[in-house]
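For the numbers below, each heavy atom of this structure counts, side chains included, while hydrogens, waters and symmetry mates do not. Predicted model only: the values in this text are computed from it and were never measured. We count residues from 1, following the sequence as given.
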Amino acid sequence: MNSQQLFRRSRLRLAAWYALVMGGILGLLGSGMAHILVQANWAALEREIESSAGTLHDSLEPMLPPAQDPTGVLQQIFPDLCVVEQPCEPNPSLIQRHTLGISDRTTYYIRLFDNQGNLLAYSPNQPESLSSTLNPDTWQTLQTKDSQRYHQFTTILHGAAHTHALDEEPHKAPSWGYLQVGRTLAAFDAERQRLQWILIGGLPLALGLVAVSSWWLSGRAMQPIYQSYRQQQQFTANAAHELRSPLASLLATVEAILRLPPTQSEQVPTLLKTVERQGHRLSQLVTDLLLLTSLEQNTTAQPPQPCCLNDIVADLTEEFAELAATTQIHLNHQIPDIEIRIMGQESQLYRLVSNLMANAIQYTPPGGSVMVCLAAHDRIATIAVKDTGIGIPLEAQSHVFERFYRVNSDRSRKTGGMGLGLAIAKAIVQRHRGQLALDSEMGQGSVFTISLPS
Ligand code: ADP
């Protein structure tokens, strides 16, 4: 499987996981919300029925006739109810007066039972299939043959005579009968069905959106990984390329030594010197690569120590003095009287400043000058390496810190540079939580400024 396929498959897998998790969360949230809404509607509906029944109950009780043969009197106080075993001719204009608190008589129905549980009177709009014997359960949900659902509430009625007895000995008082108030669940069921349709229709749509956004999100998540993979690939290719040239030249020299006729044996030391030089170059390249890797992987386990930057700058200026003198460059430094210390790895800091100074000397023509300035301001220590050298073109300035990048291969190859010096410098600065800035003008010179928290 090539890398493109591998990344595509990983992206697909990541998108599938995203979609699964987000879809699951959305599904749970959606059905949870719908359930809560249905429950709230149901509770409101029961409250409404109960309060209507309560209003009716309180208004009826004082008017109730004695229990013996109540139908005649009932007919007078409920002219809009149908009395059992009598023709039902309700007078719609009166029904509102009696169905106190019940605003919509097409929604609600009322039934009255005697204390034996026999139906006495009922609203004409009650469901047809209702039984005429009492089921005393407080709450009941019924379904008619045509799938209409009703919810009803049953409460005990005490007549006027019984109400006095109830006040005196409530637990012994007999009841007059029962009042049943019910209402159709058509509106509730329609609302519940609407919610179900929203869920059924909306969820696949939401899942589709989740799938598309998951694909996009996984693409974004994979991007830095892909970029880093490409960089690694480029790095391996560059490293192999850099190793190939000195190796080829080393092998060619060794071959030349082996083929040398005994008469020319005096050339052997010169050729061996070339072999040694190539070997050193190879060894330097491998050491630099290992250092870069260890800096990036943070594998140097030594704890940070206080490092005196004054000493580092002074030591390195002294070290490079000879090289500067041979290349006719004026090398100077500016160090403050107070000691500037930072926490870090001393050997790495030496390497950092020495890389910048070596470059400054290398890329400055004879007669030029190199200056190293150390300063501290606001708990930030700065080391500026300034030269009056050839400068770096603007378009190359953002690339010079990349591994194996050379502004112009010819000019740095002449100086033996492999394009790793600034990459190492940048990695060391980053390990010390600092910054490395470049300011350069072609033909005028360059300034590399290291800023480190002290
Ligand atoms: P090298 O080992 O080739 O010098 P570096 O990573 O140190 O590699 O530098 C990268 C490139 O930046 C070099 O090819 C060089 O051309 C350019 N460069 C670095 N420092 C300077 C400088 N002080 N003046 C001009 N060019 C510079």
Side-chain angles (χ1 to χ4, degrees), residues 224 228 231 288 290-321 324 329-364 368-389 391-392 394 396-403 405 420-441 444-454:
S228 149
Q231 272 172 2
D288 282 357
L290 282 175
L291 175 65
L292 253 182
T293 313
S294 77
L295 280 169
E296 275 170 9
Q297 291 180 346
N298 203 357
T299 46
T300 43
Q302 284 168 3
Q305 288 159 350
C307 309
C308 178
L309 295 181
N310 306 51
D311 290 349
I312 293 175
V313 172
D315 289 354
L316 285 172
T317 318
E318 206 179 303
E319 235 170 75
F320 279 104
I329 283 163
H330 308 285
L331 176 63
N332 285 305
H333 66 233
Q334 235 176 43
I335 299 176
D337 295 334
I338 49 153
E339 265 195 0
I340 301 173
R341 288 178 176 274
I342 66 153
M343 294 300 286
Q345 305 285 337
E346 196 167 59
S347 60
Q348 288 179 8
L349 291 172
Y350 265 102
R351 181 71 199 267
L352 163 65
V353 183
S354 102
N355 276 10
L356 297 184
M357 286 176 71
N359 276 351
I361 293 170
Q362 262 174 17
Y363 299 109
T364 302
S369 66
V370 171
M371 168 77 98
V372 188
C373 304
L374 173 65
H377 188 62
D378 280 348
R379 300 185 63 79
I380 300 282
T382 55
I383 302 172
V385 181
K386 307 175 191 176
D387 66 58
T388 56
I392 301 169
L394 199 63
Q397 288 182 15
S398 55
H399 298 292
V400 286
F401 301 104
E402 290 169 13
R403 291 173 290 191
Y405 182 86
L420 286 177
L422 288 180
I424 291 174
K426 177 110 186 173
I428 294 173
V429 170
Q430 279 173 346
R431 276 293 310 277
H432 288 76
R433 290 174 289 114
Q435 281 175 345
L436 181 55
L438 162 63
D439 186 16
S440 180
E441 212 172 306
Q444 301 294 310
S446 313
V447 184
F448 284 87
T449 312
I450 307 163
S451 311
L452 299 166
S454 59

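Expressed to the nearest 0.5 Å, how far CD of Gln397 lies from CG of Leu438 amounts to 4.5 Å. From Asn359, atom CG reaches atom CZ of Phe448 across 6.5 Å, with rounding to the nearest 0.5 Å. Note that the CG atom of Leu349 and the CD1 atom of Ile312 stand 4.5 Å from one another [nearest 0.5 Å]. Atom CD1 in Ile380 sits 13.0 Å away from atom CD1 in Ile450 (nearest 0.5 Å). Atom CG of Leu352 is separated from atom OG of Ser347 by 11.0 Å, given to the nearest 0.5 angstrom. The distance from the OG atom of Ser354 to the CG atom of Leu316 is 6.0 Å, given to the nearest 0.5 Å.
Not a single donor-acceptor pair under 3.5 Å links the side chain of Ser454 to the backbone N or O of Ile342. Side chain of His432 to backbone of Gln345: a donor-acceptor contact under 3.5 angstrom is found. With hydrogens and angles ignored, the 3.5 Å screen pairs a side-chain donor or acceptor of Asn310 with a backbone N or O of Pro336. Judged purely by atom type and a 3.5 angstrom limit, Thr364 uses its side chain to pair as donor or acceptor with the backbone of Ala360. When atom types are taken as modelled, the side chain of Asp387 and the backbone of Gly389 share a donor-acceptor pair closer than 3.5 angstrom.
Heavy-atom contacts from other residues, nucleotides or ligands closer than 6.0 Å to CD of Glu339 number more than 12. Heavy-atom contacts from other residues, nucleotides or ligands closer than 6.0 Å to CD of Gln435 number 12 or fewer.
For the residue pair Ala321 and Leu331, the shortest heavy atom distance occurs at N-CD2, 4.0 Å. Shown here for Val447 and Ala384, the closest heavy-atom pair between the two residues is CG1-CB, 4.3 Å. When all heavy atoms are compared, the tightest approach of Ile340 to Ala381 is CG2-CB, 3.7 Å. Closest heavy-atom contact between Arg431 and Leu295: CD-O, 3.5 Å. Across every non-hydrogen atom of Arg403 and Leu292, the tightest pair is CD-CD1, 3.3 Å. Between Val400 and Tyr405, the closest heavy-atom pair is CA-CD2, 3.7 Å.
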Q | Steps toward side-chain contact (heavy atoms from CB on, under 4.5 Å) verdict (Met343, Gln305) | A | CA-CA 5 Å; Met343 294 300 286; Gln305 288 159 350; 5.6 Å; no

Q: Could you go through the side-chain contact (heavy atoms from CB on, under 4.5 Å) check for Ile392 and Tyr363 one step at a time?
A: CA-CA 10 Å; Ile392 301 169; Tyr363 299 109; over 6 Å; no

Q | Full working for side chain to side chain donor-acceptor pair (under 3.5 Å) between His330 and Ser369 | A | CA-CA 4 Å; His330 308 285; Ser369 66; over 6 Å; no

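Counting heavy atoms from C-beta outward, Leu374 and His333 have side chains that stay 4.5 Å or more apart. Lys386 has its side chain within reach of Cys373: a pair of non-hydrogen atoms, C-beta onward, lies under 4.5 Å apart.
Each of Arg341, Glu346, Gln348 was scored for a side chain to side chain contact (heavy atoms under 4.5 Å, CB included) with Cys307, with one residue passing: Glu346. Test Ile335, Thr449, Leu436, Val353 against Ile383 for side chain to side chain contact (heavy atoms under 4.5 Å, CB included) and you get one pass: Val353.
The residues Asp288 and Arg351 are annotated as salt-bridged, a charged nitrogen and a carboxylate oxygen being separated by less than 4.0 angstrom.
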